[in-house]
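Right, one structure below, let's go through it.
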Amino acid sequence: MVAEKFDSPFKGRSLLNWIDWKSEEISQILDWAIQVKAESHAGEIHQRFVGKTIALIFEKRSTRTRSSFETSFGEEGGHPVFMSTQDIQLGGKESVKDTARVLGRMFSAIEFRGFKQSHVEQLAQYSGIPVINGLTDDYHPTQVLADIMTLKEQFGTLKGLTLCFCGDGRNNMARSLMLICSKFGINFSVYAPKELQPAQDIIKICEPFAAATGAKISISDDQSVVKGADCLYTDVWVSMGEESLKEERTRLLKPYQVNAALMKATGKENAIFLHCLPAVTGQEVTEEVFEGPASRVWDQAENRKHTIKAIMLALI
Ligand code: CP
Ligand code: NVA
């Protein structure tokens, strides 16, 4: 069987975060995600990954990311191979550099979910094949493409929208959202206590992108920062690997919960609610908002699959 051709100027590139991607390039991948979603809803069958293999390395747990990679690659004729750290020697008995060189001889691409951003970078450096970051402590680039897709479906346009992230402003989601919003001219606010506001390094990275697109970045522990937001976005208070910080996080973040009053404080009747999931309702978001009419979390979760397929079509 011969694979269907898919032309992309990005073949061979890695996606480690969106820093080195131009907004026109990200827009192109977004257009492909919209295309593959339409194909999927029309029941079309394509075979664009025939003869290809991808190693899916997971040091941390996953429902959406793993399912998106496995289903979208497999249904187009590709062969995904799941490897948890129970299965392979990664950074333990065998160095990340050596693992990269071995996988590079056997696979068409690698997806990595884990702790250190430096590990996904080393995999890309030494494997010689495209590497996709499926979440690290610092970034979650495939997630934010799905988030942007969901915003585009809702509002028709991205530039000039305002997204407010409520909660742990130092985490991988807040960092990645700041980056992609800056690149697309989406105003990005963070509603978080001083202790959990974004680190200077990511602000410095994003400032030139925001200046070029006109996106405004606002960070505050004052509730007025949510005013004018078209979207309130939140994430778990305790990210994977930080379980020991649960008590402190709950204390710090309780006042920043997304609830009906906070949605109302946006002043926008058609403001939507997004969450990368998994969610802990009753903590970062109330059941009322999560299950309510403003919530778009299931569309957002579905879009993980279409965006991940588009990313793999683009790079592999
Ligand atoms: N949002 C997300 O990455 O979900 P999983 O952890 O289930 O992959
Ligand atoms: N900040 C969360 C995102 C999960 C998709 C975590 O890293 O656990």
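Start at 1 and go down the list; that is how both ligands and their atoms are numbered.
Counting protein heavy atoms only, atom 4 (C) of ligand 2 is closest to Leu135 CD1, 3.8 Å. The protein heavy atom nearest to atom 3 (C) of ligand 2 is Asp235 OD2, 3.6 Å.
In this structure, of Arg64, Arg113, Lys60, the residue bringing a heavy atom nearest to atom 6 (O) of ligand 1 is Arg113.
When each of Asp137, Thr65, Thr85 is paired with Lys60, the side-chain hydrogen bond (donor to acceptor under 3.5 Å, both in side chains) condition holds for Asp137 and for no other.
Between Lys60 and ligand 2, a contact under 3.5 Å exists for no N or O pair. At a 3.5 angstrom cut-off on N or O pairs, His140 does not count as close to ligand 2. Considering backbone and side-chain N/O atoms, Val236 never comes within less than 3.5 Å of an N/O atom of ligand 2.
Within the listing of ligand 1, atoms 1 (N) sit less than 4.0 angstrom from a heavy atom of Cys276. Ligand 1 places these atoms under 4.0 Å from at least one heavy atom of His140: 2 (C), 3 (O). Each of the atoms 6 (C), 7 (O), 8 (O) of ligand 2 lies under 4.0 Å from some heavy atom of Met240.
The proximity of Asp137 to ligand 2, defined as any non-hydrogen pair under 4.0 Å, does not occur for either the backbone or the side chain. Looking at Leu277 against ligand 1, only its backbone comes within 4.0 Å, counting heavy atoms.
Between Lys37 atom NZ and Lys309 atom NZ the span is 13.0 Å, to the nearest 0.5 Å.
Between Glu59 and Arg113 no salt bridge is recorded (no basic side-chain N to carboxylate O distance below 4.0 Å).
Taking Tyr191 as the reference, Tyr256 meet the ring-ring contact (aromatic ring centres under 6.0 Å, His included) condition, with sequence neighbours excluded.
Remark: side-chain polar atoms of Ser239 are not paired, donor with acceptor, to backbone N or O of Glu242 under 3.5 angstrom. Side-chain atoms of Ser176 come within 3.5 Å of backbone atoms of Asn172 as a donor-acceptor pair (strictly under, hydrogens ignored).
For the pair Leu277 and ligand 2, a heavy-atom separation below 4.0 Å is found.
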